[in-house]
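For reference, the structure discussed in these notes is given below.
None of these values were measured; they are calculated from a predicted model. Side chains included, hydrogens not; waters and symmetry mates left out as well; all remaining heavy atoms used. Letters go in sequence order (proteins before strands), and every chain restarts at 1.
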Amino acid sequence: MAFLPVEEQIEIIKRGTVEIVPVEELVEKLKKSKKENKPLKIKLGVDPTRPDLHLGHSVILRKLRQFQDLGHEAILIIGGFTAMIGDPTGRNSTRPPLTSEEVEENAKTYIEQAKKILDLEKLTLVNNADWLGSMSFMDVIGLTSKMTVARMIERDDFSKRFENKEAISLHEFLYPLAQGQDSVHLQSDVELGGTDQKFNLLVGRQLQKDSDLDQQVCLMMPLLVGTDGSAKMSKSYDNYIGIDENPNDMYGKSLSIPDDLIYTYYELVTDVPIDELPAVKDKAEKDPRNAKHDLAFTIVKMYHGEEAAKDARKHFEQTVINKSVPDDAPEFELTAGESARLMDVIKELNFSPSNGETKRLIKQGGVSLDDEKVEDFALELAMKAGEEVVLKVGKRKFAILKGV
RNA sequence: GGGGAGAUACCAAAGCGGCCAACUGGGGCAGACUGUAAAUCUGUUGUCUUACGACUUCGUAGGUUCGAAUCCUGCUCUCCCCA
């Protein structure tokens, strides 16, 4: 395929990026690639430790996809070997290493989800255990000689852990080197990573130079702030929107982001064309309510299709705005004439993890039957045949109880 | 190799023989409010039990005691200082 003019490529590549080091080299590489009609090798390494992808991961995967669409070669590295070390980046404690079986299993799940974003047909998929695993101890020592202790411990995450008197295992120092070695092996032209990966990406550049290779350009994407509006999106902070999540949750969670993140989300996680972004920004400021609903709709549509997005919008309007029963509330059958404890019904519906929790909910007015708050937690239900009662637990758990 | 400090619920962090299911903050959940699953305010936050209460929990295994998160011993792990 013919490559787009370099300026146009750059414009697409720059969308949402925080930093490209050095950008001039990227321009040169793109020029050369176009001239020789040879795609660039774009590297992205992923750690198969947490296989649940969310919008935060999508930021960088989408960037990789954009390179694919521009005709370049996307190389996704499953960090099979590095996962057995554990990336210390941004961590305040040592990661537990994985076994190779776990890695394989996680990698499968990862790809299963990543295919929603990447073009698998055109993707080069590799596992760094294939080359890192066969290095000799001597090779490893050779690698370590290229890095100084001072450089390692001046890194934020290490120095913080050091100051906080937390453990840093020696093997964690090898992580950036291993990642850099990937770049040497693949002879990558560009490596993608979050801003927190800057150090690791730069090590790749250095190691390539030491091996007399062309140096990769490092492209850093911002870390997407999660739905809480403060910390980066992460499963452990529970402020994430998973790309595999059901449409209703996806829609609702998207709406829960603070208003000032609306534009950022449009820019980083949606396909809204670049030339429409200014208008979107304007709308986000002037009409945040609708801008956010549009955003939520767009996100659900991307991962579940238009129909699902419409349904999700409807569900949200029904449950949250009108506080009424959603169409998709599950039904729960009760034998007519027999009494059943409400607490048990709630437990069977999985609406509450324990009876203690259920009591608390009831005490606080969080449970209602046909819009009437339940006050007695020992309530016994006795349904007549054909009777229907709407049970609401908490903010958004609904069920239709049916007498059978 | 030597010396010292520490391990508490989802996280952080008090408690240091009974009043401790364990202060406090964060998080979570609920109620009110709201364009919102945002913000704010209030309440709540081990399991079982209608309730009285019972049971499990303070790194781990034992021990002392009427009684232990709190005292003693072994073990595991972590941190600091010196070499």
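- Rounded to whole Å, atom P of B:G31 lies 12 Å from atom CG of A:Asp371.
- Annotation: the span from A:Leu61 atom CG to A:Met221 atom CE amounts to 10.5 Å, rounded to 0.5 Å.
- Of the N and O atoms on the side chains of A:His57 and A:Gln113, not one donor lies less than 3.5 Å from an acceptor on the other residue.
- A 3.5 Å limit on both hydrogen-bonding distances identifies B:U40 as the Watson-Crick or G-U partner of B:A32.
- Across all strands shown, B:C23 forms no Watson-Crick or G-U wobble pair with both key distances under 3.5 Å.
- Going from the C1' atom of B:C23 to that of B:G15 covers 8 Å, rounded to whole Å.
- No side-chain donor from either of A:Asp371 and A:Ser368 sits under 3.5 Å from a side-chain acceptor of the other.
- In this structure, the CZ atom of A:Phe377 is 9 Å from the C1' atom of B:U49, given to the nearest Å.
- Put simply, CG on A:Asn355 is 15 Å from C1' on B:A51, counting in whole angstrom units.
- Side-chain proximity of A:Arg341 to the nucleotides B:C29, B:A32, B:U49 is greatest for B:U49.
- Using P as the reference atom, B:U56 and B:A21 are 13 Å apart when rounded to the nearest Å.
- Pairs engaging residues 184-195 of chain A under the salt bridge (charged side-chain N to carboxylate O under 4.0 Å, His left out) rule: A:Lys29-A:Asp189, A:Lys43-A:Glu191 [sequence neighbours left out].
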For nucleotides 37-42 of chain B, list the nitrogen or oxygen atoms of the protein found under 3.5 Å from its nitrogen or oxygen atoms, one pair per line.
from	atom 1	to	atom 2	distance (Å)
B:A37	O2'	A:Ser256	OG	3.3
B:A37	N6	A:Asn248	O	3.0
B:A37	N1	A:Arg396	NH1	2.8
B:A37	N3	A:Arg396	NE	3.4
B:A37	N3	A:Arg396	NH1	3.3
B:A37	N3	A:Arg396	NH2	3.1

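- A:Ile111 CD1 to A:Leu118 CG: the interatomic distance, rounded to the nearest 0.5 Å, is 7.5 Å.
- B:A5 is paired with B:U78 under the Watson-Crick or G-U wobble criterion, all donor-acceptor distances under 3.5 Å.
- Protein atom CG of A:Asn239 is 14 Å distant from nucleotide atom C1' of B:C11, rounded to whole Å.
- Put simply, the side chain of A:Thr358 gets close to the backbone of A:Ser354: a donor and an acceptor are under 3.5 Å apart.
- For the residue pair A:Asn127 / A:Asp130, no side-chain donor-acceptor distance below 3.5 Å is found, with atom types taken as modelled.
- One side chain, A:Ser188 or A:Gln216, offers a donor N or O that lies under 3.5 Å from an acceptor on the other.
- Within the 4.0 Å cut-off from OP1 or OP2 of B:G31, not a single side-chain nitrogen or oxygen of A:Arg360 is found.
- For A:Gln364 and B:G31, a side-chain-to-base donor-acceptor distance below 3.5 Å is absent, hydrogens and geometry of angles not being considered.
- The separation between A:Phe351 atom CZ and B:G28 atom C1' is 19 Å, rounded to whole Å.
- At whole-Å resolution of the value, CD1 in A:Ile362 and C1' in B:G31 are 15 Å apart.
- With C1' as the reference atom, B:C66 and B:U73 are 23 Å apart, rounded to whole Å.
- For the C1' atoms, the distance from B:A5 to B:C11 is 22 Å, rounded to whole Å.
- Atom CG of A:Asp259 and atom P of B:U34 are 17 Å apart (whole Å).
- A:Glu380 has its CD atom 9 Å from the P atom of B:U50, to the nearest Å.
- Counting any heavy atom pair closer than 4.0 Å across all strands shown, A:Lys347 reaches sugar-phosphate atoms only and no base atom.
- Formation of a donor-acceptor pair under 3.5 Å by the A:Gln206 side chain with backbone atoms of A:Lys146 is found in this model.
- For B:C10 and B:G28, the C1' atoms lie 8 Å apart once the distance is rounded to whole Å.
- When heavy atoms are screened at a 4.0 angstrom cut-off, A:Lys397 is found touching no nucleic acid atom at all.
- Nucleotides B:G59 and B:C16 have their P atoms positioned 16 Å apart, rounded to a whole Å.
- Taking a pair to require two hydrogen-bonding distances under 3.5 Å in either a Watson-Crick or a G-U wobble arrangement, B:A13 remains unpaired.
- Atom name C1', nucleotides B:U24 and B:A9: the rounded distance is 14 Å, in whole Å.
- B:U8 and B:U78 have their P atoms separated by 14 Å, given to the nearest Å.
- The base-pairing partner of B:U56, taking Watson-Crick or G-U wobble contacts with both distances under 3.5 Å, does not exist among the strands shown.
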